[in-house]
Chemist: 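Dropping the structure in here first, questions after.
Every chain is numbered from 1, with letters handed out A, B, ... down the list of sequences.
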Amino acid sequence: MTRTSVLHQSLLLTQPEEPPKGPELNLRLKEQECLTILKTCKNLEEFKKVHAHVLKWGFFWNPFCASNLVATCALSHWGSMDYACSIFRQIDEPGAFDFNTLIRGFVKEVEFEEALFLYNEMFERGVEPDNFTFPALFKACAKLQALKEGMQIHGHVFKVGFECDLFVQNSLINMYGKCEKVEFASAIFKQMDQKSVASWSAIIAAHASNGLWSECLKLFGEMNNEKCWRPEESILVSVLSACTHLGALDLGKCTHGSLIRNISALNVIVETSLIDMYVKCGCLEKGLCLFRMMADKCQLTYSVMISGLAMHGQGKEALSIFSEMLREGLEPDDVVYVGVLSACSHAGLVNEGLLCFDRMKLEYRIVPTVQHYGCVVDLMGRAGMLGEALELIQSMPIQQNDVVWRSLLSASKVHHNLEIGEIAAKNLFQINSHHPSDYVLLSNMYARAQRWYDVAKIRTEMASKGLNQSPGFSLVEVARKVYKFVSQDRSHPAWDNIYEMIHQMEWQLKFEGYSPDISQVLRDVDEDEKRERLKGHSQKLAIAFALIHLSQGSPIRIARNLRMCNDCHTYTKLISVIYEREIIVRDRKRFHRFKDGTCSCRDYW
DNA sequence: ATAGGGTTAG
């Protein structure tokens, strides 16, 4: 029997033989004992015994004693908020401490609204909040994405003068980050006198989770310059996420190294982020390797791996990992199915994909979202089932959006079906979607059908709407630096060399039977000019630059903002044979891996 | 007198 339980027995099971005589001294002593035992309670039962004793001996009227009861019951892992509240309600004039502990208790129990209600009561009863009140409240606002309430309470912070408290500031940064108000978070961060690791963690996470990837990396750099902070796991995961979205493989690798050096055991979140980073930066094998070595995988790990394989056009592998996931007894959710369906679509596994779609609805009772329909339209489109795809869109029980119609439009283009292409485009424009690339696609289809009048009509329409295809660019990493090439850009310092290389490449391409596909140039210029423009597409410039600088055998990795044109696709396939290079290009949606004259997308994208 | 902030992924 432990010392505490002996104490419990002596306190609770036996009555004191006579009422204490020197009441002051004796009562204080007993009170102190109660408090000591309170700290050692291991479950609610033990706690209730102490509570009973406190009531019995009248210690409850000591505010300090009552506060401690509420705090212990509200904050211990075995505690009960209901019970804590009932004790709280017995206190005549609860102070800030009592409200604080109860608010924190509610936040701990994920009852954020309750926490805010309690603050409201605090406010109405005229109890002034202190520096301990606010962090919990801002956490509640962050979780609820309650910007209005958060800003209101932020006002109170100024009123009671805690705007310079480090903890209050950190929780404010987090709250504004979660409410998608990064500017507000930055404003607080910038005027802080001193910062802690939590401040950096909060501001970096705020940028990462709001898609401000470059700023996130910039802040990480500043943090490293300012002091020798030991890199923290959560910060490194935010950085990894930025690398993933920017396609920054080098920095991603460094972050991996930093994780291995600084964190003793990588958890599921970290390992999943690493897999995602490698796969989305073009290193599928490295991602697969980490995936295979992982001991504990969760649903998200599978999700990341499946959509990663989908992006690389490895449909069969994606499906086999999906069945592995089901064998492990993990329940697939709607996002996993987006990965599975897009894997089927990118790999041309039409029947498998349609089967998966049925199984998702019937067996797993997942209500298809627009993204699912987009994948299935893609899938049918690839197989040339354009009529069926159109029917599917028209029979969708949910609101059609631009994604599904755009899928149909691209499929019509691949299969040269102008009739359905026109329907898709008409619907796109009707729902007020006016992407320049959609106009370009339709115009290309008219051009192929030699319907010049319609081509002109579209061009006029684009001009009248002020639509311009935003300039395409390609990024390529050479010696740890990322170089950006914009189409037709001749401002690069090594332009002469690049142009010379382009010239050489074209000369060799001619022997392989390449002729420029000038239909891809939608400008009112003569054929020579069209050929010139085609030559200056950013991807070709990037490849030329990489061929000059990267050693033989190392793959060329390119990330681009737009999808590539047919000509660049054909061109790159041939370059991969002639120069015996693997060229990996990431566009908005997926990877193209050019090797030995073929592309992993099998000419459908 | 009692306590507190950042927890990251598709």
Chemist: Counting side-chain heavy atoms from CB outward, which of B:dG5, B:dG10, B:dT7 is closest to A:Asn174?
Modeler: B:dT7
Chemist: Taking atom types as modelled, is there a side-chain donor on A:Ser196 or A:Ser199 under 3.5 Å from an acceptor on the other?
Modeler: yes
Chemist: Which listed nucleotide (B:dG10, B:dT8, B:dG5) is nearest to the side chain of A:Ser234?
Modeler: B:dT8
Chemist: Within this structure, what is the CG-to-C1' distance between A:Leu236 and B:dA9, rounded to whole angstrom?
Modeler: 14 Å
Chemist: I'd like to know if A:Arg593 pairs up with A:Glu285 as an ion pair, taking the criterion as any Lys NZ or Arg NE/NH1/NH2 lying under 4.0 Å from an Asp or Glu carboxylate oxygen.
Modeler: yes
Chemist: Which whole-number value in Å describes the distance from A:Leu266 CG to B:dT8 C1'?
Modeler: 13 Å
Chemist: Return the nearest nucleotide to the side chain of A:Phe167; candidates are B:dA9, B:dT8, B:dG4.
Modeler: B:dG4
Chemist: When the aromatic ring centroids of A:Trp200 and A:Phe220 are compared, is their separation below 6.0 Å?
Modeler: no
Chemist: Determine the contact category for A:Val197: base if any of its heavy atoms lies under 4.0 Å from a base atom, sugar-phosphate if only primed atoms, P, OP1 or OP2 are that close, otherwise nothing.
Modeler: base
Chemist: Measure CD1/A:Ile275 against P/B:dG10 and give the value in whole Å, please.
Modeler: 12 Å
Chemist: How about A:Phe357 and A:Tyr373: are their ring centroids closer than 6.0 Å?
Modeler: yes
Chemist: Look at the side chain of A:Thr272 against the base of B:dG10 and say whether a donor-acceptor pair falls under 3.5 Å; ignore hydrogens and angles.
Modeler: no
Chemist: Within residues 119-149 of chain A, find the residues that approach DNA chain B with a heavy atom at under 4.0 Å, and present them sorted by residue number.
Modeler: A:Asn131, A:Phe132, A:Pro135, A:Lys139
Chemist: Do the ring centers of A:Phe99 and A:Phe88 come within less than 6.0 Å of each other?
Modeler: yes
Chemist: Count the heavy atoms of every other residue, nucleotide or ligand shown that sit under 6.0 Å from CD of A:Gln399, and state whether that count exceeds 12.
Modeler: no
Chemist: Categorize A:Asn68 for me: base, sugar-phosphate, or nothing, with a 4.0 angstrom heavy-atom threshold over every strand shown.
Modeler: base
Chemist: Quick one: which of B:dA9, B:dG5, B:dT2 gets closest to the side chain of A:Phe64?
Modeler: B:dT2
Chemist: Rounded off to whole Å, could you give me the CG-to-P distance for the A:Asp193 and B:dG5 pair?
Modeler: 21 Å
Chemist: For the side chain of A:Gln169 and the backbone of A:Phe189, is there at least one donor-acceptor N/O pair under 3.5 Å apart?
Modeler: no
Chemist: Determine whether a donor-acceptor pair (one donor, one acceptor, N or O, separation below 3.5 Å) exists between the side chain of A:Ser171 and the base of B:dG5.
Modeler: no
Chemist: For A:Ile263 and B:dT7, give me the distance from atom CD1 to atom P, rounded to whole Å.
Modeler: 16 Å
Chemist: Of the candidate nucleotides B:dT7, B:dG10, B:dT2, which contains the atom at the shortest distance from the side chain of A:Lys178?
Modeler: B:dT7
Chemist: Without decimals, in angstroms, what is the distance between A:Asp333 CG and B:dG10 C1'?
Modeler: 8 Å
Chemist: Would you check if A:Glu222 and A:Lys218 make a side-chain contact, meaning some heavy-atom pair closer than 4.5 Å?
Modeler: yes
Chemist: Counting only heavy atoms and a strict 4.0 angstrom limit, can you tell me which residues of residues 305-332 of chain A come near DNA chain B?
Modeler: none
Chemist: In whole Å, what is the span from the CD1 atom of A:Ile37 to the P atom of B:dT2?
Modeler: 21 Å
Chemist: Decide if atom OH of A:Tyr364 counts as having more than 12 heavy atoms of other residues, nucleotides or ligands within a radius under 6.0 Å.
Modeler: yes
Chemist: Using atom CG of A:Leu259 as one end and atom P of B:dA9 as the other, report the distance to the nearest whole Å.
Modeler: 13 Å
Chemist: Treating A:Arg560 as the side-chain partner and A:Arg563 as the backbone partner, does any N or O pair qualify as donor plus acceptor under 3.5 Å?
Modeler: yes
Chemist: Using the benzene-type ring in the case of Trp, are the ring centres of A:Tyr337 and A:Phe322 under 6.0 Å apart?
Modeler: yes
Chemist: Mind checking if A:Val304 touches a base, just sugar-phosphate, or nothing, with heavy atoms under 4.0 Å?
Modeler: sugar-phosphate
Chemist: So, is A:His245 near the phosphate of B:dG10, with a side-chain N or O under 4.0 Å from OP1 or OP2?
Modeler: yes
Chemist: With a 3.5 Å distance limit and no angle check, can you tell me whether A:His372 reaches the backbone of A:Asp334 through a side-chain donor-acceptor pair?
Modeler: yes
Chemist: Have a look at A:Leu166 and say if it touches a base, only the backbone sugar-phosphate, or nothing, with a 4.0 Å heavy-atom cut-off.
Modeler: base
Chemist: I'd like to know if A:Asp165 reaches the base of B:dG5 with its side chain, counting only an N/O donor and acceptor under 3.5 Å.
Modeler: no
Chemist: Can you list, in residue-number order, the parts of residues 78-117 of chain A that come under 4.0 Å of DNA chain B, counting heavy atoms only?
Modeler: A:Phe97, A:Asn100, A:Arg104
Chemist: Would you confirm whether the ring centroid of A:Tyr119 sits within less than 6.0 angstrom of the ring centroid of A:His156?
Modeler: yes
Chemist: Which part of the nucleic acid, if any, lies within reach of A:Val338 when heavy atoms closer than 4.0 Å are counted: base, sugar-phosphate only, or nothing?
Modeler: nothing
